[in-house]
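Every chain is numbered from 1 and lettered A, B, ... according to where its sequence line falls, protein lines coming before strand lines.
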Amino acid sequence: MKEILTKNLNANQQEAVLCTEGPLIIFAGAGTGKTRVITHRIAYLLSIGVAPWSILAVTFTNKAATEMKQRVIELSHEMGEKVWISTFHAFCAYFLRVEAVKIGLNPNFLIYDFGEQKNVIKDCLKDLNLDEKKFKISSIADKISRAKDDLKTPSDMAAQAEEDGDFMGTTIAKIYQLYQKKLENSGSLDFGDLIMRTVVSLEQYPALLEHYQEKYKYIMIDEYQDTNHAQYMFAKLLAAKNKNICVVGDDDQSVYSWRGADINNILDFENDYPNAKSVKLEQNYRSTPKILETAHKVVRHNGARVKKQLWTQNPDDGTVSVLNAATENDEAAKVADLISLKSMNSGYNLSDFAVFYRTNAQSRTFEDAFRREGLPYVIVGTLKFYDRAEIKDIMAYLKLIHNPNDNISFKRIINIPKRGIGKTSVETLEKFSITKNISIWQAIDSVQEANLTKGAVAALKSFSLLIKGFIDLKNNTSIKDMAEKVILHSGYLKDLEVENSPESRTKIENIQELVSAIDDFEKRSPDKSLAGYLTQITLISDIDSLDESKGKVTLMTLHLAKGLEFKNVFLCGLEKGLFPIGESAFNPQELEEERRLMYVGMTRAIKNLYLCWATERTVYGKTKWNMPSRFITEAGFREEAIERQQNIKNFNQGFNRIKWNKPSNRQHYNNFSRAKISYRNEDSYNYNDELTKDEPLYTPTSDSSPYKIGTIVSHPIFGKGKIIEKNGIGNDLKLVVLFETGQWKKLLARVANLSVIS
DNA sequence: TAGCCCGGCGTTTTT
DNA sequence: CGCCGGGCTA
């Protein structure tokens, strides 16, 4: 068995797999077979007689957890099924549900997502008479979340603020306190509570802690570099008895400090567990040596890191190159061109391409360019399916049916669809409920006392009847039927049907999708309760369903790219001020995190890596001239010369001529390549010839040459390329060809020796 | 109560 | 530039 489980592993991987007892830290660099090691280690534990229910493996994403679980099952079959593999949050939610009574928690608690958290905070500000302009909701939400990450209670926060003489902090502590009270009143927990309540309960109830310590004799924590203090304590408490804790991570890929992750957890592991064994996985199975070298050149600029360097036996093919564009539209157009070129002529599928950017706002130009080019793409975003308004509305109904005291859900749907219960009515009712110390729902029953208009009272009564009707059905109706009844009887669907706009039709489709997702859940999940469903929903995200994007280019932020790999990667917007973003260049710690993000992005690439930047970029309606990102120079691309051509005016005339005379799909090549900038490293040249200033960019329509814009050609030295500009005719015909390496050349057709491919 | 207009604001976001 | 939310008006 041991042989079977280790024969496909390298020496270091084997060492990690076979080390089962005592604390172990595995530094697993990008693409070094981390999941392989974790899953084999679990399988090995099972093979030597460890009971499956005594192994606990936690990660951060559902995607990682699902994948891990699947691979463990492949290796260990039924035994693998019984191993607990999940996210921190899912485990804690389960723990709190099971132990709720013991630890004084409402066992029917639901989980508030970020949007609901913000609504609660908004209510708190109103109650405390605080100005939303002074106390920004999202920043308060952030502070409260960070406090929970650090296991700080409202009074901890208040004490700290007083010690520091921090008036703002004192107020935030008050908000935090009220916020907790409101969560408790509505029987809800937020994400941070899941972890914090678990840790606090384990600390508070020694018998409980001992039980779980006994149960989980082997603990594995994935992505350890991203753990926050609460998660760190969680692992530490559970492992304290048996000390069989195995953490896996890569300090070079820690990019979530702004969410409370503490990179010191991984850096200090060997101090926490003095007899810990440490294994470094440095052989990379993903990328070319060139990509790894370039990525290392960047990340080695960081001070706070464990020294290590990835190496590989992979062949040294593929390219790393810098792609400069004139504007953000030009950047997107060039990327789109390269992708269509390579996918049509070099045997790549569209799903082999990914475009990464630092901010979500950058996705727009790519969407435009891809649509123009007819390239299918998928944006993996933060807007989850379950974040869509119509989905949240239906979910709010379900939540309210589950727990009518949920004020946030109540307020969300009280007037959706419109029932004539406006802001003022709700406000009056809520104030009334606060004075009576009951939920808004409960207040409806004594609504006569609340000084409301007759119409509002009647509307509230009928709303109350509607919800009560649903509640009566709750125990003998499936969730799917319940959802369908809600959609129908609330009038929600009817409103959308009457509207009959493209948007409303999309909403109806989404709602239908929700119903089938619910159906699916009820068929597959062992826990078919409404509470089970609502919990599961809150804990999933967009990226979990990424696999479906076959045949499409993937667009996403760098943060979402972690853990993925693509044959061709475009890192875009590599400009000063954009990446590293904002002021972070001035703060060493933030700069190092940005650099790790760059490293994460680079190490996603299997074959070809493009570092893209635009000389000019319009952000928030303002056009700015940019310098290339320091990460480009750190990657070893020497800045040979930067000389900007300012002749934009002349150029725009050319643009206009193209636009009016030939409204083709090429118009996004306006102000093409005005920057004369060249970069080189050892074996990757990227020299942009300067275009002659006065040439007309107008392309004659009567032209018999085989070279058209969009034609794919092959050059004896530069390889395959696509014609993206042409000027002149006959012997003077000049072409601008964008080659697969990302470099582009201006060529005189007469002498260039091009052959037409398609 | 509901719809419109204006002003402020705009990193990243595993759960 | 474009979105969202608050405040004002019909």
Inset, instruction - Please work out which of the three classes, parallel, tilted or perpendicular, describes the rings of His89(A) and Phe191(A), given edges at 30° and 60°. - result: perpendicular
Inset, instruction - Over 60° means perpendicular and under 30° means parallel, so classify the ring planes of Phe370(A) and Phe366(A), tilted if in between. - result: perpendicular
Base, sugar-phosphate or nothing for [X]? Non-hydrogen atoms, less than 4.0 Å.
| X | answer |
| --- | --- |
| Ile421(A) | sugar-phosphate |
| Asp226(A) | base |
| Ser425(A) | sugar-phosphate |
| Lys148(A) | nothing |
| Arg419(A) | nothing |

Legend entry - Side chain to side chain, Ile263(A) and Leu267(A), heavy atoms closer than 4.5 Å: yes
Legend entry - NZ (Lys392(A)) with more than 12 external heavy atoms under 6.0 Å: yes
Inset, instruction - Return the stacking result for dC1(C) and Tyr620(A): yes when the ring centres lie under 5.5 Å apart and the planes under 30°, no otherwise. - result: no
Round to a whole Å and report the spacing from [atom1] of [X] to [atom2] of [N].
| X | N | atom1 | atom2 | answer |
| --- | --- | --- | --- | --- |
| Phe109(A) | dT15(B) | CZ | C1' | 13 Å |
| Leu578(A) | dT12(B) | CG | C1' | 12 Å |
| Asn329(A) | dC1(C) | CG | P | 14 Å |
| Leu189(A) | dT15(B) | CG | C1' | 13 Å |
| Tyr599(A) | dT12(B) | OH | P | 24 Å |
| Lys118(A) | dT13(B) | NZ | P | 13 Å |
| Asp190(A) | dT13(B) | CG | C1' | 15 Å |
| Glu328(A) | dC1(C) | CD | C1' | 11 Å |

Counting only pairs under 3.5 Å, give me each side-chain donor-acceptor contact of residues 124-134 of chain A, with atom names and distances, residues two or more places apart or in other chains.
| from | atom 1 | to | atom 2 | distance (Å) |
| --- | --- | --- | --- | --- |
| Asp127(A) | OD2 | Lys182(A) | NZ | 2.7 |
| Asp131(A) | OD1 | Lys133(A) | N | 3.0 |

Legend entry - Any residue meeting salt bridge (Lys or Arg N to Asp or Glu O under 4.0 Å) with Arg259(A), in chain and number order, not counting sequence neighbours: none
Inset, instruction - Sequence neighbours left out, what passes salt bridge (Lys or Arg N to Asp or Glu O under 4.0 Å) with Asp251(A)? Give chain and number order. - result: Lys308(A)
Nucleotide nearest [X] when distance is taken to its side chain, options [options]:
| X | options | result |
| --- | --- | --- |
| Tyr256(A) | dT15(B), dT1(B), dT13(B) | dT13(B) |
| Lys418(A) | dG3(B), dT14(B), dG10(B) | dG3(B) |
| Leu560(A) | dG3(B), dT13(B), dT11(B) | dT13(B) |
| Thr557(A) | dT1(B), dT12(B), dA2(B) | dT12(B) |

Below 3.5 Å is the cut-off: list the nitrogen or oxygen pairs between protein and nucleotides 6-10 of chain C, distance only.
| from | atom 1 | to | atom 2 | distance (Å) |
| --- | --- | --- | --- | --- |
| dG6(C) | OP1 | Lys122(A) | NZ | 3.3 |
| dG6(C) | OP1 | Glu132(A) | OE1 | 3.2 |
| dG6(C) | OP1 | Glu132(A) | OE2 | 3.4 |

Compare side-chain N and O positions of [X] against OP1 and OP2 of [N] and report whether any pair is under 4.0 Å apart.
| X | N | value |
| --- | --- | --- |
| Thr424(A) | dT1(B) | yes |
| Asn415(A) | dA2(B) | yes |
| Asn62(A) | dT14(B) | no |
| Lys622(A) | dC9(B) | no |
| Asn360(A) | dT12(B) | yes |

Legend entry - Contact list for residues 408-424 of chain A, test salt bridge (Lys or Arg N to Asp or Glu O under 4.0 Å), sequence neighbours left out: Asp123(A)-Lys411(A), Asp393(A)-Arg412(A), Lys411(A)-Glu430(A)
Legend entry - Residue pairs fulfilling salt bridge (Lys or Arg N to Asp or Glu O under 4.0 Å) with at least one residue in residues 137-146 of chain A, sequence neighbours excluded: Asp142(A)-Arg146(A), Arg146(A)-Asp149(A)
Legend entry - Residue whose closest nucleotide on DNA chain B lies nearer the 5' end, Gly420(A) versus Trp258(A): Gly420(A)
